[in-house]
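Take a look at the structure set out below.
Quick caveat: nothing in here was measured; it's all calculated off a predicted structure. By convention here, the first residue in the shown sequence is residue 1.
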Amino acid sequence: MKKVYRSLSFCAVYLLMLFSVPLNAQSVNVSGTINDDSAQPLPGVSILEKGTANGTTTDVEGKYNINVTSGSSVLVVSFIGYKTQEITVNNRSSINLSLDPDVTALDEVIVTGYSVDKRRELTGAVSTVKAKDLTYAATGNVEQMLQGRVPGVTVITNGQPGTTSQIRIRGFGSFGGNAPLYIVDGVPTGDVNFINPDDIETTTVLKDAAAASIYGARAASGVIVYTTKRGKKGQKLNVTYDNLFGFTQPGDGQEMLKPQEFADWTWQAIRNT
């Protein structure tokens, strides 16, 4: 009986060894160096096997090493300020790459109080919102358009028609007031409900203390700079049309309380308190 168990154990181990051989043969070790457009090594570049959580980063010399599941795997190479690339392994053990700068992201225009700068030349904590992002949601309050679109900015609203929203850029840091300063086309204002979201060209949120050097103590809770659209020399005529409609399904609705029922509910609420 012991001989039978030994034979079965030996067969099981042998079968596991047979199955493990092709599995190990499928994995491929890939290494290489990642440089920028000037042939300088890039440290901290993310290399991820597409569709998996298998990934690594480059060292200070721009070198990396990763084991992928198969020779047909795809490597996703990404780095801040550079274009993301997807490279198929094709059973190669060495892959060297050169990343190109993402000029679109670096040339994004930032409107401050005294100049219009490019993002690559700006050192302050500044966020921008594209004009098309302000028209996705249907709302009559331009302040609600910033909800969830700027990191660190909180929009508080009760949803009641005609009410204004509260924007907090630096949290609740003072007892006097935590509302930010609004600048519309260079003019300070305390209310922006008169602005049509379709008329806004750029939205810049100044979040750091450097805004105080431009607007003084009024910028203690942050600054939101709005620039409206205007005509430009040589610009062609452009007409856009936006439409919003809705419908209400008729029904019986909720039944109203009778005077005696309303009095009973009110008396019950008083007793419960």
Q: Using the rule that two of Ile, Leu, Val, Met, Phe, Trp, Tyr join whenever any of their side-chain heavy atoms come within less than 4.5 Å, decide whether Ile87 and Tyr64 are in one cluster.
A: yes
Q | Qualifying residue, where the test is side chain to side chain contact (heavy atoms under 4.5 Å, CB included) with Val68 and the options are Ile47, Val89, Val74 | A | Val89
Q. How far apart are the C-alpha atoms of Asn67 and Ser27, what are their side-chain angles, what is the distance that settles it, and do they pass the side-chain hydrogen bond (donor to acceptor under 3.5 Å, both in side chains) test?
A. CA-CA 7 Å; Asn67 290 320; Ser27 62; over 6 Å; no
Q. When rounded to the nearest 0.5 angstrom, what distance separates CG in Asp185 from CD in Glu201?
A. 9.5 Å
Q.
Starting from Val76, can I reach Val28 by hopping between I/L/V/M/F/W/Y residues whose side chains sit under 4.5 Å apart?
A. no
Q: Enter the distance from Thr88:OG1 to Lys50:NZ here, rounded to the nearest 0.5 Å.
A: 8.5 Å
Q: Using only heavy-atom distances, determine whether the side chains of Gln260 and Asp264 contain a donor-acceptor pair under 3.5 Å.
A: yes
Q. What's the spacing between Ser98 OG and Gln85 CD if we round to 0.5 Å?
A. 7.5 Å
Q. Going from CD1 on Ile224 to OG1 on Thr189, what distance comes out if it is rounded to the nearest 0.5 angstrom?
A. 12.0 Å
Q.
If you compare all heavy atoms of Thr69 against all heavy atoms of Glu49, which two are closest, and at what distance to 0.1 Å?
A. OG1-OE2, 2.7 Å
Q) If you group Ile, Leu, Val, Met, Phe, Trp and Tyr whenever their side-chain heavy atoms sit less than 4.5 Å apart, what else falls in with Leu257? A) Phe262, Trp265
**Q.** Residue from Asn96, Thr58, Asp59 passing side chain to side chain contact (heavy atoms under 4.5 Å, CB included) with Thr33
**A.** Asn96
(Q) Any non-hydrogen side-chain atom of Asn65 less than 4.5 Å from a side-chain atom of Asn29? (A) yes
Q) Can you tell which of Val184, Ile183, Ile167 makes a side chain to side chain contact (heavy atoms under 4.5 Å, CB included) with Val192? A) Val184
Q. From Asp100 CG over to Thr84 OG1, what is the distance, rounded to the nearest 0.5 angstrom?
A. 11.5 Å
**Q.** Between Asp36 and Ser38, a side-chain donor and acceptor under 3.5 Å
**A.** yes
Q.
side-chain contact (heavy atoms from CB on, under 4.5 Å) for Leu48 and Glu86? Distances and angles first, verdict last.
A. CA-CA 10 Å; Leu48 182 67; Glu86 295 187 2; over 6 Å; no
(Q) Tell me which one of Ile95, Thr57, Leu99 satisfies side chain to side chain contact (heavy atoms under 4.5 Å, CB included) with Ile34. (A) Leu99
Q) Between atom OG1 of Thr202 and atom NZ of Lys229, what is the distance when rounded to the nearest 0.5 Å? A) 11.0 Å
(Q) Tell me the closest heavy-atom pair linking Thr227 and Arg230, and the distance in Å. (A) CG2-NH2, 3.9 Å
(Q) With clusters defined by side-chain heavy atoms of hydrophobic residues (ILVMFWY) lying less than 4.5 Å apart, directly or transitively, does Phe194 cluster with Tyr226? (A) yes
Q: For side-chain contact (heavy atoms from CB on, under 4.5 Å), just list the numbers for Leu75 and Val30, CA-CA rounded to whole Å, side-chain angles, deciding distance to a tenth of an Å, and then say yes or no.
A: CA-CA 10 Å; Leu75 296 180; Val30 183; 4.2 Å; yes
Q.
Please give the remaining members of the hydrophobic cluster of Val239, linking ILVMFWY side chains under 4.5 Å, ordered by chain and number.
A. Leu237
Q.
Ignoring hydrogens, what is the shortest heavy-atom contact between Asp37 and Pro101? Give both atom names and the distance.
A. OD2-CG, 3.6 Å
Q) Pro188 and Leu181: which non-hydrogen atoms are nearest, and at how many Å? A) CB-CD1, 4.2 Å
